[in-house]
Amino acid sequence: MTATPRSDALFERSRRRFPGGVNSPVRAFGAVGGTPRFVARADGAHVFDADGHRYLDLVGSWGPMLLGHRHPAVERALAEALREGTSFGAPTARELELADRVVDRYPAVDRLRFTSSGTEATMSALRVARGATGRQQVLKFAGGYHGHADGLLVAAGSGAVTTGVPSSAGVPEAVAALTLVAPYGDAVALGRVFEQHGDDIAAVIVEPVAGNMGVVEPSAAFLRALRELTAAHGALLVVDEVMTGFRLARGGAIERYGLDADLVCWGKVLGGGLPVGAYGGRAAAMDHVSPLGRVYQAGTLSGNPLAMAAGAATLDAIDATPDLYGALERSGARLADGLRRAADAAGVPVVVNQVGSMLTVFFASAPVTDLASASRSDTAAFARWFHALLEHGVWWPPSQFEAAFLSVALDDDLVDVVLQAAAAAFGEVARAGAPD
Ligand code: PMP
């Protein structure tokens, strides 16, 4: 095992200072065991830990770093914005500049509101939906993650349609009870929920490609049912593009699959590595937001000028990179194919789900289409594979149920380096004992 004395010492101190030693749970390596490596810096496709080791980055800060780290255009824009001051709590032209770029990519959006995180975006979008419809219930899908607001920390029981049971202590039962849960990707089950609760549902919130149970691409029939059922019952369709926005296409999953949403949520790529979220939609819905309407939502740092500058520079750099989405599509497919071949050669059963630059290697032998099938993965085999990858210099998300993210900095040669490491890691998994 590589020695990581600096990371180990930092984690020791951090455990005294932060719950579990971290400021966001999955960073603690709880799902895979071991001590997390502290990042000292990152550049292009690489991150460097506190002990000076270099890794190929397949986490990409959990999505934002589509261009890789330290893209020169983003750094330039930040340096320029920095000279003007870092926060004013007053409107700026920079907010308009980023908003115009969003609307250019999402033509069905008239107005939007910037927040500082994806959590605030989804939480606020649901408040707007409730304010606009006068209804209380919202529906989410099992295994969907939309941030950590009370009403969204709710998962289903055993794949059936259930009224929400909180999946975190501290979420009041009365709040969780307002969240209905249905299995992801199941149009028939969704129809049944609407038959039963249709008149009470303010909104359905959905990851248009799931990333938070690992990557799962839904069927066209499911996506169609979402639109038809919400429209037929007067509920709003909230498409959570926090992960997929600006990643799966210029106009996100909405463009890629030709979706029609009432409200859209963004985050991650939108801020180019700085803290940004946003929600938006047609004027009719967004005009419920204060100070115009009666749905209150605010933020001291919302529309922060540095964040706006990084976001605008990121979206411009995406447009300035010839065939960026085509290239990401090809490297995603190349990585997925290579991973399947390497696992096969080692005799390790895996299911690789890949959509564009999002990808999950499930240590499973049957197709993964929802939370129930994802949950049948061999998480011990994943943990072994993860640690072997890390030893071979690949920084992979430290949980079976997460998406790996490709960046444009990860070129074909670097994908091949990942594949060599993955092949060695599958070999180690096979030697440790075949998964169930
Ligand atoms: N929605 C989705 C689909 C997400 O993936 C995430 C974060 N992973 C969020 C919302 C919450 O965003 P944030 O962590 O910025 O609050």
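Indexing begins at 1, ligand by ligand and atom by atom, following the structure's order. Only a predicted model underlies this, so the values are computations on that prediction, with no experimental measurement involved. The chain is numbered in sequence order, starting from 1.
Contact annotation: H148 has no heavy atom less than 4.0 Å from any atom of ligand 1. For W62, the closest heavy-atom approach to ligand 1 does not fall below 4.0 Å.
At distances below 3.5 Å, not a single donor-acceptor pair connects side-chain atoms of Y325 with backbone N or O atoms of G356.
Taking the six-membered ring where the residue is Trp, F382 and W385 present tilted rings, their angle falling between 30° and 60°.
Between F405 and M358 the shortest side-chain heavy-atom distance falls below 4.5 Å.
Shown are T122, L263, T179, L236; of these, the side chain to side chain contact (heavy atoms under 4.5 Å, CB included) with I205 is made only by T122.
The two residues T86 and N304 come nearest to each other via the heavy atoms O-ND2, 2.8 Å.
Using a cutoff of 4.0 Å between basic side-chain nitrogens and carboxylate oxygens, R224 and D260 are not scored as salt-bridged.
Contact atoms of ligand 1 toward S117: 15 (O), 16 (O) (distance under 4.0 Å to a heavy atom of the residue). For ligand 1 and K268, the ligand atoms under 4.0 Å from any heavy atom of the residue are 5 (O), 7 (C), 8 (N). Close approach of ligand 1 to G147 (heavy-atom distance below 4.0 Å) involves ligand atoms 9 (C), 10 (C), 11 (C). Heavy-atom contacts of T119 reach the following atoms of ligand 1: 11 (C), 12 (O), 13 (P), 16 (O) (cutoff under 4.0 Å).
In this structure, F11 has its ring center at least 6.0 angstrom away from the ring center of F29.
For ligand 1, the polar-atom distance check finds an N/O of N212 within less than 3.5 Å of one of the ligand's N/O atoms. Residue D240 has at least one N or O atom closer than 3.5 Å to an N or O atom of ligand 1.
Atom 13 (P) of ligand 1 has G118 N, 3.5 Å as its closest protein atom, hydrogens excluded (heavy atom only). For atom 6 (C) of ligand 1, the nearest non-hydrogen atom of the protein is V242 CG1, 3.7 Å.
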